[in-house]
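Each chain gets a letter, A, B and so on, in the order the sequences are listed, and its residues count up from 1. Values reported hereafter were calculated over all heavy atoms of this structure, with side chains retained and with hydrogens, waters and symmetry mates removed. Treat the numbers as computed from the prediction; the structure is a model and nothing was measured.
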Number of protein chains: 2
Amino acid sequence: MDGPSTQCGLDVSLAVIGGKWKPLILYHLQDGPTRFSEIRRRVGGISEKVLIQQLRELVAMTVLVRHDHHQVPPVVDYALTPFGETLVEALVPLCEWGNRNRAEVAGMLQRSSKAASV
Amino acid sequence: MDGPSTQCGLDVSLAVIGGKWKPLILYHLQDGPTRFSEIRRRVGGISEKVLIQQLRELVAMTVLVRHDHHQVPPVVDYALTPFGETLVEALVPLCEWGNRNRAEVAGMLQRSSKAASV
DNA sequence: GGTAGAACATACCAAAAGGTAAGCGCGAGG
DNA sequence: CCTCGCGCTTACCTTTTGGTATGTTCTACC
């Protein structure tokens with residue numbers, strides 16, 4: 001039942017980084033292992049529920065590893081796996097594209113009255 | 001009101017290629033101007049309503065141009081703009097990543113019982 | 001005449017994604 | 001003792017997204 005859409009790898013990537021937050025989360029994990037609350041602060045605007053959800057999914061895809069320090073109060077951090085790092089690298093051009101065209105895109109979003117805080 | 005998420009360009013890119021279909025559509029337009037019905041066939045699995053919707057948005061973002069041949073029955077085609085081509089280029093690594101890891105990711109999706117026709 | 005196909009529009013619906021709010025066990029700090 | 005913060009969980013609700021079904025205009029084909 002493979003549809004004709006199975007020729008390009010984008011469907012695969014989208015299955016991994018789909019959603020509003022995953023790419024952002026990965027981006028903010030580039031500097032090494034990061035604690036849950038720190039990720040939350042860095043990403044900004046994401047709710048705890050959604051963040052955990054996304055982190056779990058990324059861990060399930062072996063893009064991240066969760067490290068529980070077994071302390072109380074809880075100390076847990078998340079880090080990119082080598083596999084995850086290859087993903088982040090594939091994400092870089094898109095990130096740069098975004099930076100290059102931030103102003104332009106922001107302007108367009110405004111004009112189509114879909115204004116956001118971009 | 002800029003949140004801390006405004007440092008990386010991914011939010012901008014996501015604003016343009018967000019959604020389940022846009023990256024696929026762009027991919028399938030690489031070979032030049034393509035007619036509506038042909039895009040639909042190539043992408044596969046997308047409904048007319050959604051395709052038109054996505055195409056309109058991409059046109060609004062000046063990623064695509066719509067060319068109406070003013071014929072009846074209707075003949076219309078869509079093509080990447082130079083701007084759109086830069087986007088597609090930024091998408092290439094992600095596409096390659098997907099192809100390299102198709103099997104692995106497919107396996108993981110299965111194991112997490114989220115099976116799809118990937 | 002009936003049908004098919006082009007490129008849409010429109011109304012309505014279901015599913016998914018995301019958001020809000022509350023609470024939990026527990027230790028540190030006031 | 002009260003509260004805060006940690007890393008979650010749960011229940012519930014709203015928004016977004018995508019999908020289905022149908023209709024439209026017109027031409028070509030059988």
Checking the side chain of A:Ser13 only, and the main-chain atoms of B:Leu94 only, is there a donor and an acceptor separated by less than 3.5 Å?
yes
Candidate nucleotides C:dG27, C:dA7, D:dG18, ranked by approach to the side chain of B:Phe36 - the nearest
C:dA7
Length of the line joining A:Leu51:CG and D:dC8:P, which is rounded to integer Å
9 Å
Salt bridge or not for B:Asp77 and B:Arg66, using N-O below 4.0 Å?
no
Of the listed D:dC26, D:dT9, C:dA9, the closest approach to the B:Ile52 side chain comes from C:dA9
If you assign each of A:Gln53 and A:Glu48 to its closest nucleotide in DNA chain C, which residue comes earlier from the 5' end?
A:Gln53
Could you give the CG-to-P distance, from A:Leu55 to C:dG18, as a whole number of Å?
13 Å
What's the OH-P distance between A:Tyr78 and D:dG7, to the nearest Å?
9 Å
I need the CZ-C1' distance between A:Arg41 and D:dC6, as an integer number of Å.
10 Å
Determine whether any donor atom in the side chain of A:Lys20 lies under 3.5 Å from an acceptor atom in the base of C:dG18, or the reverse, and answer yes or no.
no
Rounded to whole Å, please give me the gap between NE2 in B:His70 and P in D:dT27.
16 Å
Between C:dT20 and A:Ser47, is there an OP1 or OP2 to side-chain N/O distance shorter than 4.0 Å?
no
A:Ile46 CD1 to C:dT20 C1': how many Å, rounded?
14 Å
Phosphate contact (C:dG5 OP1 or OP2) by B:Arg40 side-chain N/O below 4.0 Å:
no
Atom CD1 in A:Ile25, atom CZ in A:Arg42: separation rounded to 0.5 Å?
12.5 Å
By nearest atom, which of the nucleotides D:dG7, D:dG18, C:dC8 is closest to the B:Arg66 side chain?
C:dC8
Using modelled atom types only, decide if a donor and an acceptor are shared between the side chain of A:Thr81 and the backbone of A:Val65 within a distance under 3.5 Å.
no
Taking B:Gln54 for its side chain and B:Leu51 for its backbone only, find out whether a donor-acceptor pair lies under 3.5 Å.
no
Nucleotide nearest B:Pro73 when distance is taken to its side chain, options D:dG19, C:dC8, C:dA6:
C:dA6
Which nucleotide in the set C:dA7, D:dC6, C:dC26 lies at the smallest distance from any side-chain heavy atom of A:Arg35?
D:dC6
Interatomic distance, B:Gln71 CD vs D:dT27 C1' [rounded to whole Å]:
12 Å
Which of these nucleotides, D:dT10, C:dT10, C:dA7, is closest to any side-chain atom of A:Lys49?
D:dT10
Give the rounded distance in Å between these two atoms: CD of B:Gln54 and P of D:dG19.
9 Å
Which one, D:dC8, D:dC26, C:dG18, comes nearest to the side chain of A:Val76?
D:dC8
